[in-house]
Amino acid sequence: MPHRYYTGEKVEMKIDGQVHELPVVVGTEGEKAIDIRTLRASTGYITLDSGYANTGSCISNITYLDGEKGILSYRGYDIADLAENCTFVEVAYLLDHGSLPTRDELSQFSQMLNDFAMIHEDMLRFFDGYPPKSPPMAILSSMVNSLCSFYPEMTDNPLENIDKMSARLLSKVRTIAAFSYKKSMGHPLVYPRHDLSYCANFLNMMFDSPVKPYEVNHKVVAALNKLLILHGDHEQNCSTSTVRMVGSARVNLYASVSAGISALWGPLHGGANEAVMEMLESIHQGGGNFRQFVERAKDPKDPFRLVGFGHRVYKTFDPRCRIIKQACDEVLDDLKVVDPLLDIAKELEEVALKDDYFIERSLYPNVDFYSGIIYRAIGIPTNMFTVMFALGRLPGWIAHWKEMWDDPAWRISRPRQIYVGPLSRPFVPMDQRGL
Ligand code: ACO
């Protein structure tokens, strides 16, 4: 379908001696793409791009990212301004509604988050079915998928109910995350409270106990808000593309987000925050010799990678990492926490950034490199780090699912391939296949 970002400009492609014209799309920041949708029909060729490194899957107005300049903005607002001035709930509203909320809008949205904070009591029994050491991401993904059985609001036009579904998801994922932690500890569940803000409520559900009441610490709440905001969206990353791809088959929001949670779990994606802490911890346990980790990361025969380094899109500093690194110092200072892993991380970064291997490949620390140190300082256990990432990324997944559903150019996601297997062979019956 023609779109206003099709400027009329065309590029010519010469294939098998024939010139084909393909339309050009230009984004608001001047990014250009060639629309190749008609290429196969007119030439017989497809494009091949493993890992989709050079493939645009959609036109989107949610997040802008310039990996060469290190710029990231949500709905036109610079990530640094949002992290400095907003709460996570405001940014979730921005991502999902397109504009920052007015005071009234924010109060209505917060009321919805409060109203939807509990999970159906029958779902509590699910927690009992998991073995004690179950990965929290596995629990989160299956519980979120199950939400559609308890809240079956998918109609022919789910966008009619999208505000309700999004608020429900944002609020319940927070409760599920905290409950899964309590369950893993064997402690009684702490229910959400109406008088606490989104982040304070989460921290209270995580840390309050009958024998040690939790006192909300506003510096911890502020740090959590900042971290969640910085994880809010990151355009077509692996988990968000998964949410869009699953949703493109017209699957409900809960199931699509559950698939995104599974994608985020991977150590090359959101799971890296947990892996970074494990790496820093083992450097610490081994006497702080991080240089051998740098050498291993450079060795082409060793599959080891310096976790928390490198990014598909950023070829300079990840702007989120800069903010988190600074917040790390502030939070640890405020909470009077001394963490030797922070010093190791800083030294590791310094050495890597001066090393030719990392310079030549433009490998910089990413969002996951310092985030775990803040989570650890505020008491979040390492196995919950990726769950925290999921909590932060949720508004982004919802915004993309919604945009995909409403896109006039929507079609089921279905890439092609080049087949290189055997040519057609006659079928061999079992008794003629040898021993
Ligand atoms: N340590 C050592 N070498 C690395 C690293 C690293 N962390 N990352 C990339 N490289 C090297 C590769 O070995 C490759 O070298 P080569 O050209 O000699 O073969 C080169 O840099 C390019 O790497 P690719 O794998 O092609 O980069 P890609 O864009 O596919 O991968 C990724 C990006 C997955 C993030 C990668 O940098 C990585 O594995 N990093 C560590 C895991 C991590 O921190 N993930 C979190 C990313 S942020 C997020 O998802 C929230």
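Every heavy atom of this structure was used, including side-chain atoms; hydrogens, water molecules and symmetry mates were not. The chain is numbered in sequence order, starting from 1. Numbering of ligands and ligand atoms starts at 1, following listing order.
Checking atom 30 (O) of ligand 1 against the protein gives a heavy-atom contact under 4.0 Å.
For Arg168 and Phe116, the positive end sits near the middle of the six-membered ring, less than 6.0 Å away and at most 45° from its axis. Figure legend: cation-pi geometry between Arg393 and Phe389 absent, as NZ or CZ is not positioned both under 6.0 Å from the six-membered ring centre and within 45° of its axis.
Considering backbone and side-chain atoms alike, Asp368 places every N or O at 3.5 Å or more from each N or O of ligand 1. Checking only distances, Phe358 never comes within under 3.5 Å of ligand 1, N or O to N or O. Taking only nitrogen or oxygen atoms, main chain and side chain alike, Phe304 does not reach within less than 3.5 Å of ligand 1. For the pair Gly308 and ligand 1, the shortest N or O to N or O distance falls below 3.5 Å.
Closest to atom 45 (N) of ligand 1, if we only count protein heavy atoms, is Leu268 O, 3.0 Å. Protein heavy atom at the shortest distance from atom 11 (C) of ligand 1 is Tyr357 OH, 3.5 Å. The protein heavy atom nearest to atom 13 (O) of ligand 1 is Arg305 NH2, 3.2 Å. Atom 35 (C) of ligand 1 has Gly310 O, 3.7 Å as its closest protein atom, hydrogens excluded (heavy atom only). Here the protein heavy atom with the shortest distance to atom 48 (S) of ligand 1 is His311 CD2, 3.7 Å.
Under a 4.0 Å criterion applied to the non-hydrogen atoms of Phe389, ligand 1 contributes the atoms 51 (C). For ligand 1 and Ala272, the ligand atoms under 4.0 Å from any heavy atom of the residue are 43 (C), 44 (O), 45 (N), 46 (C).
Ranked by closest heavy atom to atom 21 (O) of ligand 1, the top entry among Arg393, His269, Arg361 is Arg361.
The residue from Phe317, Phe358, Phe304 that alone fulfils the ring pair (Phe, Tyr, Trp, His ring centres under 6.0 Å) condition with Phe309 is Phe358.
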Could you walk me through whether Leu39 and Ile15 pass the side chain to side chain contact (heavy atoms under 4.5 Å, CB included) test, one step at a time?
CA-CA 10 Å; Leu39 191 67; Ile15 295 180; 4.0 Å; yes
